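Please read the structure below before turning to the comments.
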Amino acid sequence: MEKIKITGGNRLLGEIDVQGAKNSVLPILAATLLCADECVIHNCPDLSDVKTAIKILRNLGCSCEKTGKTLVVDSRNVDNCEIPDELMREMRSSVVFLGAIIARCGKARISSPGGCELGPRPIDLHLSSLSKMGIKISEEYGTLLCECCPEIVGTTINLCFPSVGATENIILAAATAKGITIINNAAKEPEISDLADFLNSAGARIYGAGSDTVVIHGVYKLHSTEHTIIPDRIVAATYMAAAVMTGGEVRLNNVMPSNMVSIFWAFNECGCQIEPSGKSILIKSNGRLKRIPTVRSLVYPGFPTDAGPILISMLSIAKGTSVFVENIFENRYKYIDELKRFGAKIKCEGKVAVIEGVEKLYSAKVCCTDLRGGAALALSGLAAEGETILSEIGHIERGYDDIVGVLGRIGAQIEYI
Ligand code: UD1
């Protein structure tokens with residue numbers, strides 16, 4: 001099994017391009033099923049989760065050709081409505097294929113996604129919303145069987161929590177449904193808007209994506225289209241942290257500053273300087289990072305839960321004590337025991353982490369527990385002097401396109417071993 005070796009302590013300097021967003025590309029790949037034609041997706045990152053999504057599409061009967069960062073999906077010949085158990089297990093977010101498969105095939109069969117590294121991840125909101133749209137859902141020995149009875153019908157859905165995945169599944173099921181679907185208390189994440197932009201470019205009529213009320217007028221069918229995936233705001237935050245944790249200065253190209261307001265707020269609070277200019281930003285620290293008294297993860301536009309591990313790694317070397325409150329996932333702090341191996345002083349209780357900044361981190365042998373937790377460990381490795389070894393790096397590869405190459409190009413001593 002490959003590992004990553006980081007020899008920390010180098011100041012990171014230079015320029016990087018930020019990859020396309022994982023959380024956009026996955027639902028958009030599911031959405032290609034609705035087009036029943038050829039879709040061209042640009043800025044498609046090379047990630048293991050994207051590879052899994054491609055395997056799912058091929059299994060359903062699509063042909064997928066990737067050249068560089070452009071993926072062409074031809075979904076004309078879809079002839080299967082089932083996602084095999086092993087592919088569901090490879091990627092929990094495969095559940096976003098559910099709405100698209102039912103819309104395309106009239107039925108779907110997937111295994112229940114179950115829990116994941118972040119704790120239990122129920123899909124009750126997905127299922128209750130789909131059943132309100134006339135989809136019959138039953139569960140047999142851990143397999144979900146869904147069928148249109150006889151068609152998907154638009155309705156008003158009031159979500160009790162603005163779930164990203166549930167909002168996406170409803171949009172996918174509603175785009176070609178009969179009538180109008182209204183989602184109240186919808187998720188507002190930029191990746192929802194990207195999905196709606198993709199579908200609208202294929203002929204869908206989706207209004208209000210990015211606000212808390214999304215209205216979808218079902219259309220008879222969609223057609224071929226071409227779309228460019230938005231930049232990944234969490235990956236951008238990771239490379240921003242890499243710059244400031246090493247006392248460096250990095251220009252990030254291909255970012256959308258308007259999607260990153262709460263992330264910029266946190267970096268500014270830590271004393272970092274961010275100079276946005278169009279789709280690019282220059283980030284640098286002004287000496288030692290400062291504490292942030294309290295940060296809470298919230299749904300968009302609040303501080304993203306996925307950037308929590310990155311910020312906690314930063315705060316572990318800030319001057320003073322900070323508090324992070326994780327409000328979205330129940331069990332997101334598994335990586336913290338590994339961060340402590342670098343000498344970080346962090347105490348967790350329930351959803352609260354208290355981070356007492358230390359002056360220096362020490363290199364360590366650590367094990368990635370999840371995607372963003374793994375990124376946080378890589379960041380601590382860059383800041384710590386000496387040789388750090390990261391194992392279980394498959395978690396990182398789910399969401400970072402060539403992290404070793406990107407960090408290497410701005411001066412990090414990092415390699416696969
Ligand atoms: C998506 C993102 C993930 C991000 C999260 C929150 C993708 C592929 N993943 O995940 O990176 O961390 O949004 O921004 O886009 N919940 C329920 N019942 C449901 C659905 C969700 O209780 O039916 C709960 C979850 O357990 C969790 C919270 O709602 O506690 C947020 O989940 P949700 O917004 O659905 O996140 P995901 O779509 O799974």
Side-chain angles (χ1 to χ4, degrees), residues 18-24 118 161-165 167-168 185-195 209-212 230-245 250 252-286 289-318 320-329 332-333 335 351-355 357 370-373 375-376 379 399-400:
V18 175
Q19 68 183 62
K22 170 180 88 71
N23 290 352
S24 267
L118 309 183
F161 176 85
S163 153
V164 173
T167 303
E168 290 165 347
N185 197 21
K188 299 192 286 256
E189 270 67 2
E191 294 76 21
I192 303 278
S193 306
D194 204 23
L195 171 64
S211 77
D212 47 23
I230 59 167
D232 195 310
R233 58 202 166 100
I234 308 299
V235 169
T238 310
Y239 294 137
M240 287 167 66
V244 299
M245 287 176 72
V250 173
L252 277 81
N253 300 320
N254 191 30
V255 290
M256 282 173 97
S258 58
N259 290 346
M260 297 184 66
V261 172
S262 55
I263 292 174
F264 286 3
W265 166 82
F267 277 79
N268 286 145
E269 288 291 295
C270 287
C272 307
Q273 216 177 308
I274 303 167
E275 290 168 22
S277 136
K279 285 187 173 175
S280 129
I281 60 163
L282 181 72
I283 172 115
K284 54 187 162 191
S285 64
N286 283 328
L289 296 170
K290 292 194 274 190
R291 71 189 271 257
I292 310 182
T294 311
V295 189
R296 296 177 179 83
S297 66
L298 292 169
V299 296
Y300 188 83
F303 190 83
T305 173
D306 289 352
I310 289 145
L311 185 64
I312 289 178
S313 172
M314 266 172 74
L315 294 172
S316 76
I317 51 167
T321 299
S322 312
V323 173
F324 190 90
V325 185
E326 171 53 46
N327 286 315
I328 309 294
F329 289 106
R332 203 160 187 166
Y333 287 143
Y335 64 95
K351 44 159 82 174
V352 179
V354 179
I355 308 119
D370 62 272
L371 165 57
R372 305 301 168 188
L379 291 170
Y400 290 85

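When a residue number appears, it is its place in the shown sequence, counting from 1. Remember, predicted model here, so these are calculated numbers, not experimental data.
- Atom CG of Asn268 and atom CD of Gln273 lie 9.0 Å apart (nearest 0.5 Å).
- Taking 4.5 Å as the limit, every side-chain heavy atom of Asn23 sits out of range of all side-chain heavy atoms of Glu189.
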Check step by step if side-chain contact (heavy atoms from CB on, under 4.5 Å) holds for Arg296 and Val323. CA-CA 8 Å; Arg296 296 177 179 83; Val323 173; over 6 Å; no
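- Residue pairs meeting the side-chain hydrogen bond (donor to acceptor under 3.5 Å, both in side chains) criterion with at least one partner in residues 233-242, sequence neighbours excluded, are Glu191-Arg233, Thr238-Tyr400.
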Glu269/Val295 under side-chain contact (heavy atoms from CB on, under 4.5 Å): CA gap, chis, key distance, verdict: CA-CA 10 Å; Glu269 288 291 295; Val295 189; over 6 Å; no
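- Rounded to the nearest 0.5 Å, atoms OG (Ser262) and CG (Leu298) are 8.5 Å apart.
- Side chain of Asn327 to main chain of Ser297: a donor-acceptor pair is present (N/O by atom type, distance under 3.5 Å, no hydrogens or angles).
- In this structure, the side chain of Asp306 does not engage the main chain of Ile234 through any donor-acceptor pair within 3.5 Å.
- With hydrogens and angles ignored, the 3.5 Å screen pairs a side-chain donor or acceptor of Asp232 with a backbone N or O of Lys22.
- In this structure, Ile263 and Phe303 approach most closely via the heavy-atom pair CA-CE1, 4.1 Å.
- Note that CD of Glu326 is 6.5 Å distant from CD1 of Ile328, once rounded to the nearest 0.5 Å.
- With a 4.5 Å cut-off on side-chain heavy atoms, Ser313 and Met245 count as touching.
- Contact record, Ile292 with Trp265: CG2-CH2, 3.9 Å, taken as the closest heavy-atom pair.
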Evaluation steps, side-chain contact (heavy atoms from CB on, under 4.5 Å), between Val164 and Glu168: CA-CA 6 Å; Val164 173; Glu168 290 165 347; 3.5 Å; yes
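- Considering CE of Met240 and CG of Leu282, their distance stands at 10.5 Å, rounded to 0.5 Å.
- Looking at Phe324 and Leu315, their side chains never come closer than 4.5 Å, going by heavy atoms from C-beta outward.
- When every heavy atom of Ala236 is checked against every heavy atom of Leu252, the shortest pair comes out as O-CD2, 3.5 Å.
- Taking the side chain as every heavy atom from C-beta outward, Asp212 and Pro162 never approach each other to under 4.5 Å.
- Side chain of Arg291 to main chain of Thr321: a donor-acceptor pair is present (N/O by atom type, distance under 3.5 Å, no hydrogens or angles).
- In terms of heavy atoms, Gly399 sits closest to Leu371 at N-CD1, 3.6 Å.
- Atom CD1 in Ile312 sits 14.5 Å away from atom CZ in Arg372 (nearest 0.5 Å).
- Considering CZ of Phe329 and NZ of Lys351, their distance stands at 13.5 Å, rounded to 0.5 Å.
- With hydrogens and angles ignored, the 3.5 Å screen pairs a side-chain donor or acceptor of Thr167 with a backbone N or O of Ala187.
- Closest approach of Tyr300 to Lys188, counting heavy atoms only: CD2-O, 3.3 Å.
- Residues Val244 and Cys272 approach most closely at CG1-SG, 3.6 Å, considering heavy atoms.
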